[in-house]
Amino acid sequence: MKIYNSLSRKKEIFEPFDPQRVYMYICGVTVYDHSHLGHALSSIVFDVLYRYLRYKGYSVKKVQNFTDIDDKIINKALQEKTSSEVISEKYIKSFFQSIDGLNVLRSDSHPRATEDMEEIINFIKNLIDKGYAYESSGSVYFNVKKFDDYGKLSGNVHNEEYKSSRVDENHSKKHNNDFALWKISNAGEPFWDSPWSKGRPGWHIECSAMVKKHLGAQIDIHGGGMDLIFPHHENEIAQSECFSSKKPFVKYWMHNGMLRVKGAEMSKSLGNTFSINEALKRFSSDAIRLWILQTHYRTNPLLDLDLIKSTEKSLTRLRLINSELKSKPELKKMNFISFKQRFIESMDDDLNTPKAIATIFDLAKMIKKSSSTHDVSQGLILFRELSNILGLNYKKLTKDKVANDVNINEIELMIEERNQARSDKNWKEADLIRDKLLELGIEITDTTEGTKWKK
RNA sequence: GGCGACGUGGCCAAGUGGUUUAAGGCGGAGGUCUGCAAAACCUUUAUUCGGCGGUUCGAAUCCGCCCGUCGCCUCCA
């Protein structure tokens, strides 16, 4: 299997430190708001990686953290006149609801920064002891100049010229690129005791500490969005490699592309705030997954709801294969192994899910085509097996209640009336009733087993 | 200013030197079915890969230039 490594900027053959086991860490979300479709993209991509590695026989340990203490959470708490704990708790719940809804498997562990504070503080202590970090008026900074490899991931070299647009009120840093490991708290803000001050950890240190604690000093895969390459992951490398003196901290860095939104003005109103939970009310998890996986994970797709809708459409064919097709054991068994090979070949090539999906569609077509002349049971088994790797479960969007304002009995009655009209060959009346039903949002289908309807 | 990505049919999107006169999905067209529809199924839908040069027996795929789009460099999946 080949994986594109952001560090080397090319595809590399995947060989974990331990040939049997894979240790992977995915940067999780900062829980100050509902997760949006961009998070869905990332979650789904690494969920598929997780599923596929297990399919290949690896024993995989996947860890994804929650950043549950940071400025945005504090601000939100202030805004809503509550505590950061209440805020983070609320959005952690929402996050799980979202990824469960997307059929994303839970990671083996979901640690929170606030629960690993001891580990974080010890990590910082160690870096100070080794001379990589320094304390300055209650805060602690990493001294970037002490780490020669700084910039190896992002290509951002020490750049004193570049002045960030950010208004940094902090003048206690030695160098422009030095970053906070520990931040002294202002009055009223949440804090933890430390040798340096009552304060809280900087953003990057939690991941280094949690990787170390939950997975080890060196791991196979570290994933996240491309936007995290700098400074987050660059800084993680600095911290972790200085801490353990082991290189590389991460063997394969994987970064998914960023979901883009049409038109800048839309970003605030519609696009960016389109939460996963909101999307799941309108689309099935399969549709969202297919939409995302039909684009390679390293490209930046454009959010387009019509596209998700069209994906929903393409699923009907697959659902039909999954649920309605029966195999005929009395016929000659058909072999579908070539489809499996194609699928694996695609996935082995840096998770080429668009190609893998094409194989699933081709497989579906072949099953359908051959079902009357051959026993296609093996094809059906394979179809489900491959679908499962992509996390497709073929459950329909549960538009549960057919709306309270629509009376089911009434619908049945109208359908009966229409069928009466049809048997009387009173087409005008029949069509009129059909139109009426359509106005109510009821779509009907005449089949050999009678008239079916759906909302 | 620095780092990087990309431009493939109406739309989305694989392919990155010959098995490709370019997968798959959506949409369109034609057909089967139907009272008509819908759904489903079948068939069909780019001699062509932003433009111009070059390398090569051979290029969408490599090189150069030009045009265009986008991401990151600041919290961010």
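The chains referred to below are lettered A, B, ... by the order of the sequence lines, with proteins before strands, and numbering in each begins at 1.
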Can you tell me if the side-chain N/O atoms of A/N300 get under 4.0 Å from OP1 or OP2 in B/rC6? no
Report, one pair per line, the protein and nucleotides 38-40 of chain B atoms (nitrogen or oxygen only) whose separation is under 3.5 Å.
from: B/rA40; atom 1: OP1; to: A/T316; atom 2: OG1; distance (Å): 2.7

Between CD1 of A/I292 and P of B/rC26 the distance, given in whole Å, is 18 Å
Return the value, rounded to whole Å, for the distance between atom CG of A/L318 and atom C1' of B/rC26. 13 Å
With a cut-off of under 6.0 Å to the ring centre and 45° to the axis, is A/K61 in cation-pi contact with A/Y23? no
Remember a base hit wins even if backbone is also touched, and classify A/G28 as base, sugar-phosphate or nothing at under 4.0 Å, heavy atoms. sugar-phosphate
Pairing check on B/rA23: which nucleotide meets the Watson-Crick or G-U wobble criteria with it, both distances under 3.5 Å? none
Which of residues 380-390 of chain A sit near RNA chain B, with a heavy atom under 4.0 Å from it? none
Determine whether a donor-acceptor pair (one donor, one acceptor, N or O, separation below 3.5 Å) exists between the side chain of A/R434 and the base of B/rC36. yes
Length of the line joining A/E345:CD and B/rG15:P, which is rounded to integer Å: 13 Å
Going through the distances and angles, do A/H204 and A/H233 end up as a ring-ring contact (aromatic ring centres under 6.0 Å, His included)? CA-CA 8 Å; A/H204 317 296; A/H233 290 159; 9.3 Å; no
Ignoring hydrogens and geometry, is there a side-chain-to-backbone donor-acceptor pair from A/D70 to A/I73 under 3.5 Å? yes
Taking a pair as Watson-Crick or G-U wobble with both distances under 3.5 Å, which nucleotide is matched to B/rC3? B/rG71
What is the distance, to the nearest angstrom, from the CG atom on A/L363 to the P atom on B/rG25? 13 Å
Contacts to RNA chain B from residues 419-431 of chain A, heavy-atom cutoff under 4.0 Å, which residues? A/R422, A/W427, A/D431
Main chain of A/T311, side chain of A/S314: is a donor-acceptor contact present, judged purely on distance under 3.5 Å? yes
Flag the pair A/K11 and A/D349 as a salt bridge only when some basic side-chain nitrogen lies within less than 4.0 angstrom of an acidic carboxylate oxygen. yes
Between the side chain of A/S109 and the main-chain N/O of A/V63, is any donor-acceptor distance below 3.5 Å? no
Does any nucleotide pair with B/rU34 by Watson-Crick or G-U wobble geometry, both distances under 3.5 Å, and what is it? none
Across every strand shown, the nucleotide meeting Watson-Crick or G-U wobble geometry with B/rU55 (both distances under 3.5 Å) is none
